Amino acid sequence: MTATAPEGPPPEGPREPAKRRRRSVIRLRTLLVWLAVVPTVAMGAQVVVTADRLLQQSAHLRADVADGERVGRPLYELMADLQAERSTTAARWAGSPVPKGELSRRRAATDRGVAAFRRAADSADARADDRVDGYVSAVEKELEGLDAYRERTDARSGSADRATGYYSGVIERMLRVFQEFSNMDDATVTQQSRPVVALVEASEVLAREDTLLASAGPAGKLSTARFAELTNAVGAHRFLFGTTVVPYLPENGRQGYARIAASDAWKTKTRIEDAVLADHHDIPGGIALPGAVHGWPAMYGKLVPQLSALDAEQLRGVIEAADTTADELETQVFWLVAGSGAGLLLVVAVVVFTTRTVLRRMANLHRRTVTVAQKTLPDIVERLQRGQRIDPDALPERSRDRDEVGRISDAFARAVSVSVEGYRQLADERQGFGMFAAGIASRTGNLVSRQLSLTEDLQDTFGHDEALLAQLMKSDQLTVGMRRQIENLLILAGGEVPDPHTEPMRVADVLREAAAEVEDFRRIERVALDEVSVEPRVISAISHLLAELLDNATRFSPPASRVSIRAELVTDGLSVEIEDRGPRVAPERYEEMNGRLHAAPPYAVLAENAHRLGLFVVGHLADQLGARVTLRRSTYGGTAAIVILPEEHLIRTEERSEGGAEPRVPAPQRPAERKPELLLTVRAAAPADPAPADPVPAGAGLPRRRPAEAPAAPTTPGEKSALPPLPERVPQTHLAKQLREERTPEPADEDTATPEEVADAWADYEQGTETVETELRQDQP
């Protein structure tokens with residue numbers, strides 16, 4: 001029994017495709033969401049980055065403006081005070097008549113400037129990493145030595161160059177602060193601040209000229225080195241104003257410079273510088289300056305306020321420009337955020353609308369596909385299998401949309417149409433092949449029926465020859481097996497076997513009839529019930545189903561072992577259990593075989609398992625009867641087949657008696673007989689109500705042998721039949737009268753099989769065992 005299970009991969013669970021479709025929909029939805037999220041996030045990130053950069057730029061400009069107002073103004077005033085004190089200090093070192101009060105006044109002004117600068121430098125700064133603070137700290141550190149140099153000047157300790165050099169070094173540090181102010185985060189403001197810083201540097205160059213001329217003293221004499229510094233200062237001052245300051249000043253700055261350049265003080269400055277450069281002459285130990293230099297202090301006193309006013313105006317202009325630019329940046333950030341926010345909202349709205357539209361259309365397409373796959377196509381396939389026509393309106397219609405989703409829907413509709421057309425052709429071919437196979441089975445059945453009739457004639461003619469009669473009985477049994485195989489072909493081809501029985505049959509007789517179909521019937525032990533009978537219309541189908549299971553059990557179990565078949569009433573109807581003692585089968589094979597019992601295989605599977613079609617036949621018959629067949633491991637190590645027949649096919653013996661039908665009583669002299677003949681017909685394409693079939697000519701189907709005149713002998717309920725239990729010719733029926741004497745009965749447990757029968761049974765067992773072992777090896781990974 002175990003060797004009839006066809007091989008093949010386990011069927012896919014019904015929920016697996018649904019899970020894959022659900023994962024596909026989730027992946028598509030995720031892709032659409034990402035398609036919406038990525039541009040939105042990218043645009044939002046770009047807006048955030050841009051706004052942050054603009055805000056930082058505005059904050060830096062605000063900080064520069066704050067630093068300019070906080071440090072720049074006190075620093076510029078302090079630088080002017082230091083320049084004045086430097087010139088006064090140089091004049092005193094040179095021996096010029098400088099009133100003591102003048103020097104004290106200059107120093108007091110410088111001290112006030114230093115105090116104001118230090119207060120501004122020590123105030124809180126908005127930026128923790130301000131680079132200006134480093135230069136401011138350097139200036140503060142340099143100012144710590146101011147008192148020491150003043151004391152040296154008063155005591156005339158050291159040299160004039162070191163004293164004036166100290167002041168120039170401090171002023172140089174201050175210029176570095178102004179240069180750092182010009183390095184702003186806005187290119188326009190930076191470009192505007194560069195000429196202003198150059199203007200401040202030009203003012204320092206002019207102040208150095210004043211210091212050098214003051215160091216000439218009353219004699220108007222300079223050392224060669226100092227004269228060289230004076231010459232360089234004059235050239236640098238003119239270069240700065242001519243090439244770096246004036247061309248790049250704003251309009252108001254150029255106008256202010258033009259007023260200064262047209263003033264008498266500026267003209268006097270130019271005249272004195274020209275005289276110094278042209279009219280000086282060498283003297284021992286230095287250079288003698290012309291007398292025109294005596295007018296320098298008066299000119300310088302008039303020119304410095306004008307230049308300071310120009311410098312302060314341009315510095316304020318730079319600070320105001322930076323403040324205005326910061327306001328513009330903040331306004332730009334506001335409009336950027338507002339515009340970008342509106343754009344993002346619009347993009348989000350469009351993306352959400354598009355995504356929802358696509359998802360809704362895809363969901364509709366999915367529902368349509370699922371409906372077609374789970375309902376429409378199965379209905380169409382079922383109708384095609386029944387041979388019914390298909391309404392074209394049942395197929396999915398083509399979509400009117402011309403976009404991508406519409407094209408997918410059209411492609412699916414075309415695929416369904418092609419699939420239905422292909423299945424229609426396949427159903428037609430299957431039906432045609434079934435009719436062809438059924439016709440061959442009918443013709444072959446006629447020959448088998450003639451063979452059975454001929455065997456009966458030979459048994460009647462040569463019944464006196466016991467040896468020949470045994471061979472004829474074996475031939476008769478083999479012919480019955482051939483007829484069962486032909487019935488299998490008809491069943492698998494889609495035909496049906498009408499049952500010619502007109503009266504119910506006891507379950508014990510049904511079991512006996514099924515066992516009679518098996519070649520090795522002597523090994524079968526039967527336990528049945530007499531109070532239950534089977535409906536006439538299903539007797540042959542049940543008998544055939546049980547005969548297939550019994551044939552499997554006897555083929556794939558040891559020749560000397562027994563095969564038991566038991567029938568008993570259960571809750572759901574009648575339970576028939578067939579148990580053998582064959583080889584063990586893996587649990588996976590039982591699951592596979594049970595699957596084959598509940599699914600009609602296609603012709604491709606039948607072709608691959610042409611040598612073991614028993615379970616397929618059992619499955620077809622069980623489906624027709626509404627029965628359940630289950631294979632499992634037996635307690636003896638073999639296989640147990642459990643058949644549950646529905647209660648609708650059963651009739652109680654008491655009901656038959658009450659209904660007036662006389663139960664059939666078998667004759668004692670005929671212990672068993674093969675089942676009556678059946679007429680094999682091909683099942684129609686469209687389902688029809690089965691009706692009892694009358695005998696028809698042999699050409700219309702495969703005739704079976706007619707019911708015997710004398711029924712089999714009754715058995716007690718629950719009683720096991722004696723050996724031999726199944727069909728044999730009644731001994732001495734065809735012998736001569738002299739040979740009809742009773743013989744001494746052989747012991748019940750003695751084996752009456754001939755050596756040839758034992759050899760044949762053992763050969764079948766070895767062949768079946770080898771087949772099972774080969775299949776088990778193929779199933780191993």
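Note that the structure is a prediction, hence the values are computed from the model and not measured. In this chain, numbering begins with 1 at the start of the sequence shown.
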Find out whether L303 and L206 are in side-chain contact, i.e. whether some heavy atom of one side chain is under 4.5 Å from a heavy atom of the other. yes

Using a 4.5 Å cut-off on heavy atoms from C-beta on, say whether the side chain of E209 contacts that of V234. yes

Does this structure show an ion pair linking R150 with D111, if we count only N-O contacts that are shorter than 4.0 Å? yes

Does a side-chain heavy-atom distance below 4.5 Å link E251 with R254? yes

R107/D81 ion pair, N-O < 4.0 Å: no

Search all heavy atoms of K221 against all heavy atoms of P284 and return the closest pair with its distance. NZ-O, 3.4 Å

Any side-chain to backbone donor/acceptor pair from S308 onto P305? Under 3.5 Å, distance only. no

Do the side chains of L146 and Y166 get nearer than 4.5 Å, heavy atoms only? yes

Stepwise side-chain contact (heavy atoms from CB on, under 4.5 Å) test for Y135 and Q179: CA-CA 10 Å; Y135 296 103; Q179 290 174 358; over 6 Å; no

Is the shortest side-chain N to carboxylate O distance from R316 to E313 below 4.0 Å? no

side-chain hydrogen bond (donor to acceptor under 3.5 Å, both in side chains) between T211 and S87: does it pass, once the steps are laid out? CA-CA 4 Å; T211 300; S87 298; 3.2 Å; yes

No-hydrogen, no-angle side-chain donor-acceptor test under 3.5 Å, S168 and R86: yes

Quick one: are H280 and F227 in side-chain contact, heavy atoms under 4.5 Å? yes

Taking the side chain from T357 and the backbone from F353, do they hold a donor-acceptor pair closer than 3.5 Å? yes

When the ring planes of H237 and W266 are compared, do they come out parallel, tilted or perpendicular, using 30° and 60° as the limits? tilted

If every non-hydrogen atom of W93 is compared with every non-hydrogen atom of A163, which pair is closest and at what distance? NE1-CB, 3.7 Å

Answer yes or no: is there a side-chain heavy-atom contact under 4.5 Å between L78 and R112? no

Of the non-hydrogen atoms in A216 and L289, which two are nearest, and what is the gap between them? CB-CD1, 3.9 Å

Residues E180, R176: salt bridge by 4.0 Å N-O rule: no

Between A275 and P290, which heavy-atom pair has the shortest distance, and what is it? O-CG, 3.4 Å

The test is side-chain contact (heavy atoms from CB on, under 4.5 Å); show your working for F117 and V139 and say whether it passes. CA-CA 10 Å; F117 170 72; V139 172; 3.7 Å; yes

Separation of D311 CG from L199 CG (nearest 0.5 Å): 4.0 Å

Any side-chain heavy atom of V197 within less than 4.5 Å of one from L175? no

When rounded to the nearest 0.5 angstrom, what is the spacing between CG in L82 and CZ in R106? 12.0 Å

Side-chain donor/acceptor of D323 to backbone N/O of I319, under 3.5 Å: no

With side chains defined as the heavy atoms from C-beta onward, is the minimum distance between V200 and M79 less than 4.5 Å? yes

Does E328 form a side-chain hydrogen bond (donor to acceptor under 3.5 Å, both in side chains) with Q332? I'd like the steps, not just the answer. CA-CA 6 Å; E328 293 176 355; Q332 184 178 355; over 6 Å; no

I'd like to know if the side chain of T50 and the backbone of V47 have a donor-acceptor N/O pair within less than 3.5 Å. no

Just by distance, do the side chain of N364 and the backbone of R360 share a donor-acceptor pair under 3.5 Å? yes

Run the salt bridge (charged side-chain N to carboxylate O under 4.0 Å, His left out) check on E102 and R105 step by step: do they pass? CA-CA 5 Å; E102 178 68 17; R105 187 175 59 81; 2.5 Å; yes

Are any of the side-chain nitrogens in E77 or R73 under 4.0 Å away from the carboxylate oxygens of its partner? no

Enter the distance from E140:CD to D122:CG here, rounded to the nearest 0.5 Å. 5.5 Å

Among residues at least two apart in sequence or on other chains, which ones pass side chain to side chain donor-acceptor pair (under 3.5 Å) with N252? none

Under 3.5 Å, is there a donor on one side chain and an acceptor on the other for T89 and T153? no

Among K267, R238, K269, which one satisfies salt bridge (Lys or Arg N to Asp or Glu O under 4.0 Å) with D274? R238

Could you walk me through whether Q83 and I171 pass the side-chain contact (heavy atoms from CB on, under 4.5 Å) test, one step at a time? CA-CA 8 Å; Q83 290 171 351; I171 295 172; 3.5 Å; yes

What is the ring orientation for F241 with Y257, classed by angle as parallel under 30°, tilted 30 to 60°, or perpendicular over 60°? parallel

Check for a donor-acceptor pair, side chain of S58 on one end and backbone N or O of A326 on the other, with a separation under 3.5 Å. yes

Less than 4.0 angstrom from a charged side-chain N to a carboxylate O is my criterion; do K141 and E144 meet it? no

Can any side-chain N or O of S215 pair as donor or acceptor with the backbone N or O of L212 at less than 3.5 Å? yes

Do you know which two heavy atoms are closest between T164 and A90, and how far apart they sit? CG2-CB, 3.7 Å

Can you name the nearest heavy-atom pair linking P218 to H294, along with the distance? O-CE1, 4.0 Å

